[in-house]
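Report on one structure; see the data block that follows.
Lettering follows sequence order; numbering is per chain, from 1.
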Amino acid sequence: MSVSAHLGIEDRLEILQLFARYGRLVDSGDADGYLTLFTPDGSFARTNPILAGTGSGLPPAAFRGHAELHRLVTDLTGQFQGKMRHQLTDISIGADGPDRARGICYGLITDWREGAGKLSMHGTYRMEIVRTEEGWRFREVTLERLPAG
Amino acid sequence: MSVSAHLGIEDRLEILQLFARYGRLVDSGDADGYLTLFTPDGSFARTNPILAGTGSGLPPAAFRGHAELHRLVTDLTGQFQGKMRHQLTDISIGADGPDRARGICYGLITDWREGAGKLSMHGTYRMEIVRTEEGWRFREVTLERLPAG
Amino acid sequence: MSVSAHLGIEDRLEILQLFARYGRLVDSGDADGYLTLFTPDGSFARTNPILAGTGSGLPPAAFRGHAELHRLVTDLTGQFQGKMRHQLTDISIGADGPDRARGICYGLITDWREGAGKLSMHGTYRMEIVRTEEGWRFREVTLERLPAG
């Protein structure tokens with residue numbers, strides 16, 4: 001990742017707010033809000049299989065464009081009953097040019113569906129971020145998960 | 001939450017430091033330090049019951065003003081023996097005007113009293129934040145907890 | 001910790017990026033990358049014993065200078081098999097002068113070596129940070145752990 005020399009301070013703080021809003025929008029099932037984080041052609045992909053019987057149980061998959069991203073959140077809401085929590089931490093961002101950036105962060109996903117909390121998964125999220133007329137948006141989010149299959 | 005257009009960069013970084021100090025002040029039992037985060041009429045409230053037999057076991061309650069907030073931290077210190085840890089993440093802030101802001105964040109509360117760590121609770125914290133002559137301070141903090149009762 | 005009045009905004013954001021990169025460099029076994037966080041005489045120390053049979057099992061120890069820090073990461077990589085995760089949160093920084101700062105943060109260390117994740121340790125990290133010709137660097141990192149011995 002290049003140094004962040006090309007990203008102004010305001011740019012960096014705005015990008016950090018995209019990361020800060022991500023978990024709550026997924027967890028609360030706010031599909032419309034989730035879309036506001038992405039460009040119209042934005043995508044999310046789970047890139048690796050997880051260990052059988054662990055975490056969400058969901059296979060690798062990619063979702064591109066607002067219709068597919070909307071369905072992603074709606075499906076997760078049904079499965080998780082509003083009781084999974086995604087906490088994004090260790091957010092590092094760098095410029096790829098004046099209007100493009102890359103970010104990487106960790107995510108801890110905890111599961112409270114059965115009462116007492118359980119560690120569900122750990123994720124490494126990688127983001128491609130672009131400046132649009134409406135502000136900075138994710139163009140691509142990939143998630144690499146533990147426990148790995 | 002409105003966009004953060006009215007909050008200067010220095011304001012946002014200062015507010016983020018209020019969130020960053022919160023957990024350690026509670027965990028270490030530093031009641032006097034905890035008060036420095038709040039306005040004189042500041043309040044903290046646990047807004048929902050948690051599942052019986054989980055987490056802190058503490059019922060919904062509100063604490064307003066420095067004397068009650070001091071007692072809150074002192075009581076938690078006795079119960080938690082300095083071995084609970086509050087980690088605040090996913091901090092999003094926005095302006096409500098030049099001297100008022102709102103913030104929301106997640107908190108993961110882990111319990112190390114019995115040796116091996118346990119997930120105790122997950123929280124969604126919502127903060128009303130105001131500019132004072134001494135800097136930004138929390139006027140109101142509410143905490144919604146999981147496992148939910 | 002003094003107020004951050006002496007640290008410019010750019011300084012603070014750059015220092016925060018040191019914290020943001022820390023966990024991934026350790027977890028991925030990128031010893032050379034880890035060294036870029038430190039001054040040439042930089043040090044890391046685990047300051048307290050942990051409870052027998054918990055966490056990493058590693059005793060208190062100090063590592064000073066790049067050769068020892070390199071060996072630290074290499075040894076951890078062997079033990080952890082790339083399946084421990086360090087998440088640093090609640091990062092608070094303050095100036096000790098124009099070219100010196102102090103930081104403190106929490107770390108949650110989770111262990112995914114056996115499949116389902118486990119809470120391994122909680123850490124309080126304290127950093128001495130100095131401005132160098134190459135940018136801000138850690139001069140000293142200490143880690144106080146739970147479960148405490």
| task | Could you tell me which portion of C/L16 (side chain, backbone, both or neither) has an atom closer than 4.5 angstrom to a non-hydrogen atom of chain B? | result | neither
| note | By residue number, those in residues 127-138 of chain B with heavy atoms under 4.5 Å from heavy atoms of chain C are none
| request: With rounding to the nearest 0.5 Å, note down the distance linking OG in C/S92 to CD in B/Q17. | output: 4.0 Å
| When rounded to the nearest 0.5 angstrom, what is the spacing between CG in C/L108 and CZ in B/R85? | 11.5 Å
| Test log, rule salt bridge (charged side-chain N to carboxylate O under 4.0 Å, His left out), inputs C/R12 and B/E14 | CA-CA 11 Å; C/R12 279 175 275 168; B/E14 183 184 331; over 6 Å; no
| note | Cut-off 4.5 Å, heavy atoms of chain C, and the answer for B/I91 is neither
| request: Quick one: list whatever passes side chain to side chain donor-acceptor pair (under 3.5 Å) with B/T89, sequence neighbours left out. | output: A/Q87
| field | Within-4.5 Å side-chain heavy-atom neighbours: B/K83 and C/H122 | value | no
| What are the residues of residues 41-57 of chain B, in order of number, with any heavy atom under 4.5 angstrom from a heavy atom of chain C? | none
| query | Any residues in residues 110-118 of chain B near chain C, with a heavy-atom distance under 4.5 Å, and which are they? | reply | B/T110, B/W112, B/G115, B/A116, B/G117, B/K118
| field | Side-chain donor or acceptor of B/R24 paired with backbone N/O of C/D90 under 3.5 Å | value | yes
